[in-house]
Amino acid sequence: MPPGVWVPDQGDGSYINPVLNGDYSDPDVVRVGDDFYLTASSFTNIPGLPVLHSKDLVNWTLIGYALDRNVPAAHHAAPRHGGGVWAPAIRHHGGKFYIYYPDPDFGIYMVSATDPKGPWTAPVMVDSTKGAIDPAPFWDDDGQAWLVHGYAASRAGFANVITLKKMKTDGTQTLDAGVRIIEGDKLPKAMTSQGPMPWFTTEGPKLYKRGGYYYVFAPSGSVKGGWQGVFRAKRIDGPYEARNVMDQGDTAINGPHQGAWVDTPSGEDWFLHFSDTDSYGRRVFLQPMRWNADGWPVIGAQQGKQSYGAPVSRHAKPKVAAQPVAVPANSDEFDAGYHLGWQWAANPAQDWVDGSVRGQLRLKAVSSSANLWEAGNLLTQKLPGMAFSVTSSVELRPGAIGERAGLLVMGYDYAWIGLENTVDGLRLVQTARLKSNLGLHLGALQQSSETVVTAPVAVKGPVHVRLSFAPVEVAALPPAERLYWPSMLRATHAKVTFSYSLDGATFHPLGPAFTTQPGRWVGTQVGLFAQAPSGTPSFTATRVGYADFDYFRFSQAKP
């Protein structure tokens, strides 16, 4: 693997967490025979619903996506930050794979496939309840299909509730309004390492059956703080009793938020969950799990004599067949288009990429907002490690004044280094915009503008551009409810520096350092773009230019 890319497999029979350092939010996992398949939230990024494969729960390969476009397609032609695909669930039933996912502004959808690599069916609306989120299907022993889901207070007007609904046997439609099986506000306080805590932000349910009990795994207590809850009942509709089975304890792994229980062919039990790491996103952690004689699970390393565990940072790998070291795709030479690791910020138009070009990525200078937060034509990846550099080469062939292209780091604040066509010709620039999300930032209406630093060089032909990332920890304000773990008082971002080279060998710094911010429910992203921004002659030109990117390479962090 390239230096700077996170590798969890230590080569000695152990692994270190996270097993997925990229931003694979809200993971769910299913085992089919000897194979494990994982999917995750994708929000406004397209293609959506990534599908990853592993043989050992540690080494994961991205094998495809279950969603070509967000629906409704016209609505998602623009980047709907914070919308789109929220927490999904993947299951295998009757020889088919099913993924259920919510778009809280429209409802709960289902896609299916016989091969997890695809093709997947077009999304089917299963339930149109406004604000329904985090769906998980369950087929009982008698063949009856069920669906559990939570609620987003921002759309439904309430939360902290888990509802159970009957579905058609084929899983295509719910059949009733359902029953509330878990109401966090009515539960006795949970015992945690921080003392008794009320259940709040209870969401992300997964429904299972074991030993005559129905179990609902659902996190509670907020995303960055909180704990992993488990609920059980003899009847599927309850009443359910509740227990905390894992919280942060005195570890550095905050959250532990929603995830999935999965077993191995040999009968081991494991749990994958995410931990919110701010700019680095919602990274995926693997925890050992065991069932006690009393029928309750404990996840992670047990905290003394308590009934709950704490996340582990290093552990022996699952006892399964050996698998070569693998991580999701990252660097790209563009030999045959671009690889699976790339996603657009919105449903793409057909001509954003010139697919006839090989050995390079050719992006059209698409007309879009000068504020890149509002632009859909951004081609980005998840951050593959903690400290790394990413380098590309860009050659802009403009068709009009104002066109620009470059290497981008994207979040609520964004910055890029690349080329811009001006009345004086091409110039090499480093550009940044803080609070690019305008009215969404911290709940207050904001106005923002770009700052630009120009390199004192003449541009002729391609320029090599580089971003270098180093993690930094900053203080964070405590939540208003003051029910928090110490980890909620700090945030992890990245300090990014910018440099360029005209010969590909000697790099020169350009512009001030930049501190990343996450996006709406996602971590910072890095990628490429070409644009004809609003407010320039190129925005309304009948013909526009394009940019060629020769490579995109991750490496060890460099100055």
Seminar exercise, completed: For Ser42, the side-chain hydrogen bond (donor to acceptor under 3.5 Å, both in side chains) test, sequence neighbours excluded, returns none
Exercise. Which residues satisfy the ring pair (Phe, Tyr, Trp, His ring centres under 6.0 Å) test with Phe274, sequence neighbours excluded?
Worked result: His257
Exercise. Can any side-chain N or O of Thr39 pair as donor or acceptor with the backbone N or O of Ile90 at less than 3.5 Å?
Worked result: no
Exercise. Roughly how far, to the nearest 0.5 Å, is CG of Asp278 from CD of Gln517?
Worked result: 8.5 Å
For this session: With sequence neighbours excluded, tell me which residues meet side-chain contact (heavy atoms from CB on, under 4.5 Å) with Ser356.
Result: Asp354
Problem set entry | Asp351 bridged to Lys364 by N-O distance under 4.0 Å | yes
Exercise. Among all residues two or more places apart in sequence or in another chain, which pass the side-chain contact (heavy atoms from CB on, under 4.5 Å) test with Pro256?
Worked result: Met246, His273, Pro311
For this session: Could you walk me through whether Trp60 and His53 pass the ring pair (Phe, Tyr, Trp, His ring centres under 6.0 Å) test, one step at a time?
Result: CA-CA 6 Å; Trp60 290 94; His53 170 260; 7.7 Å; no
For this session: Compute whether any side-chain donor of one residue and acceptor of the other, for Ser487 and Gln248, lie under 3.5 angstrom apart.
Result: yes
Exercise. Within a radius of less than 6.0 Å around CZ of Arg543, do more than 12 heavy atoms belonging to other residues, nucleotides or ligands occur?
Worked result: no
For this session: Starting at CD of Gln360, measure out to CG of Asp548 and round the result to the nearest 0.5 Å.
Result: 4.0 Å
Could you pull out every donor-acceptor pair under 3.5 Å between side chains of residues 399-409 and any protein atom, sequence neighbours left out?
from	atom 1	to	atom 2	distance (Å)
Glu403	OE1	Gly399	N	3.0
Glu403	OE1	Gly545	N	3.1
Glu403	OE2	Gly399	N	3.4
Glu403	OE2	Ala400	N	3.2
Glu403	OE2	Gly545	N	3.1
Arg404	NE	Gln531	OE1	2.8
Arg404	NH1	Glu450	OE1	2.9
Arg404	NH2	Ala370	O	2.7
Arg404	NH2	Glu450	OE2	3.4
Arg404	NH2	Gln531	OE1	3.0

Exercise. Taking side chain as C-beta onward, heavy atoms only, is Ser41 less than 4.5 Å from Trp521?
Worked result: no
Seminar exercise, completed: Applying ring pair (Phe, Tyr, Trp, His ring centres under 6.0 Å) to Phe507 and not counting sequence neighbours gives none
Exercise. More than 12 heavy atoms of other residues, nucleotides or ligands under 6.0 Å from CH2 of Trp120: is that the case?
Worked result: yes
For this session: Check whether any side-chain heavy atom of Tyr546 sits under 4.5 Å from a side-chain heavy atom of Leu363, and report yes or no.
Result: no
Seminar exercise, completed: Output for pair (Ser555 OG, Arg466 CZ), nearest 0.5 Å, gives 5.5 Å
Problem set entry | Lys224/Asp276 ion pair, N-O < 4.0 Å | no
For this session: Kindly write out the residues that satisfy side-chain contact (heavy atoms from CB on, under 4.5 Å) with Glu333, not counting sequence neighbours, or none if the list is empty.
Result: Asp335, Tyr551, Arg553
For this session: State whether the side chain of Thr251 and the backbone N or O of Ile253 hold a donor-acceptor pair below 3.5 Å, judged by distance alone.
Result: yes
Exercise. Do His464 and Ser501 get their side chains close enough for a donor-acceptor pair, meaning under 3.5 Å?
Worked result: no
Seminar exercise, completed: Sorted by chain and number, sequence neighbours left out, side-chain contact (heavy atoms from CB on, under 4.5 Å) with Ala260 holds for Asp28, Val29, Tyr208
Seminar exercise, completed: Hits for side-chain hydrogen bond (donor to acceptor under 3.5 Å, both in side chains) against Thr44, two or more places apart or cross-chain, chain-then-number order -> none
For this session: Give every residue pair that meets the side chain to side chain donor-acceptor pair (under 3.5 Å) criterion with at least one member in residues 65-76, sequence neighbours excluded.
Result: His76-Asp103
Exercise. Please, which pairs that meet salt bridge (Lys or Arg N to Asp or Glu O under 4.0 Å) have at least one residue in residues 368-397, sequence neighbours excluded?
Worked result: Glu395-Arg397
Problem set entry | Flag, side chain of Asp413 to backbone of Thr516, donor-acceptor distance under 3.5 Å | no
Exercise. For the atom pair CG (Leu510) and OG1 (Thr431), what is the distance rounded to the nearest 0.5 Å?
Worked result: 9.0 Å
Exercise. Does some side-chain heavy atom of Val353 sit less than 4.5 Å from a side-chain heavy atom of Leu361?
Worked result: yes
For this session: Determine, step by step, whether Asn59 and Ser54 satisfy the side-chain hydrogen bond (donor to acceptor under 3.5 Å, both in side chains) criterion, reporting the C-alpha distance in whole Å, the side-chain angles of both residues, the deciding distance to 0.1 Å, and the verdict.
Result: CA-CA 6 Å; Asn59 295 283; Ser54 178; over 6 Å; no
Problem set entry | Set of residues satisfying ring pair (Phe, Tyr, Trp, His ring centres under 6.0 Å) with respect to Phe388, sequence neighbours excluded | Phe469, Phe554
Problem set entry | Exercise: do Thr422 and Arg427 side chains pair donor with acceptor under 3.5 Å | no
Exercise. Any side-chain heavy atom of Trp416 sitting closer than 4.5 Å to one from Leu372?
Worked result: yes
